[in-house]
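Per chain, numbering begins at 1; letters A, B, ... match sequence-line order. Model, not experiment: these values are computed from the prediction.
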Amino acid sequence: MTTMAEKGEHRYVLNMGPQHPSTHGVLRVILEMEGEYVMDPQPVLGYGHRMHEKMAECRSWPNFLPNAARMDYLAALIYNHGYVGVVERLAAIEATPRAEYIRVITSELNRLQSHLLWLGVLVLDLGAFTPIMYTFEDREKILDILEDVTGSRLTYCYMRVGGVVRDIDDKFIERTREYIKWQRSRMPMYDKLVTGNIIFRKRIEEIGEFTPDMARRYGLTGPVLRGTGIPYDIRRAEPYSVYPEFDFDIPTETTGDCMASYLVRVREIEQSLRIIEQALDKLPDGPFMAKVPKKLKLPAGDACYAVESPRGELVYHLTGDGSDTPYRMKIRVPSFSNLSLLPELCSGMLLSDLCACMGSLDLVIPEIDR
Amino acid sequence: MESKDSVIAALKKVSVKVQEVDFRQRGYDLEIMLESGQLRAFAELLRTGNFYLSFISGLHLSTGIEVSYQFANYSFPCRLLAHVAVDADNSLPTIADIFQGANWHERETKDFYGVIFRDHPNLKPLLLAEDMEDLKPLLKKAHSLKDRDALTRVVKNAEGNPPPAVKKEDA
């Protein structure tokens, strides 16, 4: 007897988004379904497309600084870091040592708040409402600390070519140390509340099979890649700023499922805390801004600058022509490549598992759309 | 392939023009100039060498459009950037069957520059809306076009160091 599915009578198209709580922004996915099973999910991008790459070609390079923060609202400082990094590399300028330390400290705080938000919303997507209340309590502490020094809560425009806008003071250092202690005291609770929760585990264990080969074919980077057992992190693979001076591990898992990337991210929280702690201990004195010409022109030539965002490899590729406006700027964002494997990864899985996979990819849609 | 040198050797064997560049100045290790006919063989070679595709980008020059491919490797530091000038009919062969991740990157390049990727499985607009297909936002106006030489770093002194960009008098 042939089933209805075999006769092709059961296929239907379900539209998910662009406004849907588990797409975390204006992402639309067209799902070809067979009953509860997703047979072919096709993401539709561009709802939040602002053409940042064109904007970069239409204004002088300092005027692009605020744009950098507006691509990934959860990793604005890391986008700051990449952008000032590429301009510095092209123009052969070096930031002061103190500035590099401040950049690392604030970038890692930024990564922590991104991971905390991800932890809350992943579990929320799977139906548990409580943990997000706890992670947001932690996250608020970071946002308060960063607000004091940068002046904004999410879309920071804190870094400048040659350094940073404002120095950090003793109050910042004291509050950050208090926060590190606090965050460490919270981790055992998350272990019990989330990691050890049998309902949660059943929802993400053996869901989504990321493999090293698939990673190479799609250009997968970030915690999802490290969940497949490849210890690839730009902070270690192509060290930038002062990262080589710190002792930290690159957590990996081997199973490649959603649980693996979950465990990698949770363990990265501790590694970021370690980096911040060491950076605060070693923080050098001196100026927080190097002497940079007031009207700096970008020399002819091109340069890349890759940084590790909470979601993977972020690359700025800047081509200068001797004027103060970039001739071309390409921004390679991690979620773009990471999401592109969704059709291959999720074909044949339950719709509710697709939500778990999208939560594990930690998508930030304005970053993909740029 | 297990090191940068073995990559250079493998590329030279298939007569690809490859040049080592200083990572500290450029942020990548190898710069490669390809003919469009070599593109697919080049991608196949990197696929067997366990590289991953980082991004595909374009550049509008007075001589035409150039498409750039950046690859890197999870196992050893070797970031490379390959430039290919598009064919006379503004097209290039696709590599989306070799590196599936190229699918979206090629669609994006089509959106921004109008480059057609031959045999691409689905070359519909990705980031732009469907009625914006002819917009090609990253094409420059004729008067602002420059050639490769105007976008190439000038090395002034014998050691190969870049000229100091920070001059005392403008500081």
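- The main-chain N or O of A/Ala215 is found under 3.5 Å from a side-chain atom of B/Tyr74 such that the two form a donor-acceptor pair.
- At a 4.5 Å heavy-atom cutoff, the contact between B/His60 and chain A is made by backbone atoms alone.
- The part of B/Arg47 that comes within reach of chain A is its side chain, from C-beta onward, which places non-hydrogen atoms under 4.5 angstrom from that chain.
- Within the cation-pi definition used here (under 6.0 Å to the ring centroid, within 45° of the axis), A/Arg216 does not qualify as a partner of B/Phe71.
- Using a 4.5 Å heavy-atom threshold, the side chains of B/Phe55 and A/Glu313 count as separate.
- Heavy-atom distances place no part of B/Asn103 under 4.5 Å from chain A, backbone and side chain included.
- Between the side chain of A/Arg328 and the backbone N or O of B/Gly58 there is at least one donor-acceptor pair closer than 3.5 Å.
- A/Ile230 touches chain B through its side chain: at least one heavy atom from C-beta onward sits under 4.5 Å away, while N, CA, C and O do not.
- Contacts of B/Leu139 with chain A are made by backbone atoms alone, with heavy-atom separations under 4.5 Å and no side-chain atom involved.
- Between A/Tyr232 and B/Tyr52, the ring center distance clears the sub-6.0 Å criterion.
- Under a 4.0 Å N-O distance rule, the pair B/Glu108/A/Lys330 qualifies as a salt bridge.
- Taking the side chain as every heavy atom from C-beta outward, B/Gln70 and A/Cys304 approach each other to under 4.5 Å.
- Counting heavy atoms from C-beta on, the side chains of A/Asp302 and B/Leu151 never come closer than 4.5 Å.
- In this structure, the side chains of B/Ser54 and A/Val315 come closer than 4.5 Å at one or more pairs of heavy atoms.
- When side chains are defined from C-beta on, A/Arg217 does not count as touching B/Ile98, because their heavy atoms never get closer than 4.5 Å.
- Heavy-atom distances place the side chain of A/Ile234, and not its backbone, under 4.5 Å from chain B.
- The aromatic rings of B/Phe112 and A/His49 lie parallel to each other, with less than 30° between the two planes, well short of the 60° mark.
- Shown here for A/Ala300 and B/Ala150, the closest heavy-atom pair between the two residues is CB-O, 3.3 Å.
- Separation of atoms OG (A/Ser340) and CD (B/Gln100) is listed at 9.5 Å; rounding is to 0.5 Å.
- Contact of B/Asp111 with chain A is not made at all, since no heavy-atom distance falls under 4.5 Å.
- The cationic group of B/Lys140 lies under 6.0 Å from the six-membered ring centre of A/Tyr327 and within 45° of the ring axis, placing it in a cation-pi geometry.
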*asked:* Determine whether A/Tyr218 and B/Leu53 satisfy the following criterion, side chain to side chain contact (heavy atoms under 4.5 Å, CB included), listing intermediate values before the conclusion.
replied: CA-CA 7 Å; A/Tyr218 283 95; B/Leu53 176 73; over 6 Å; no
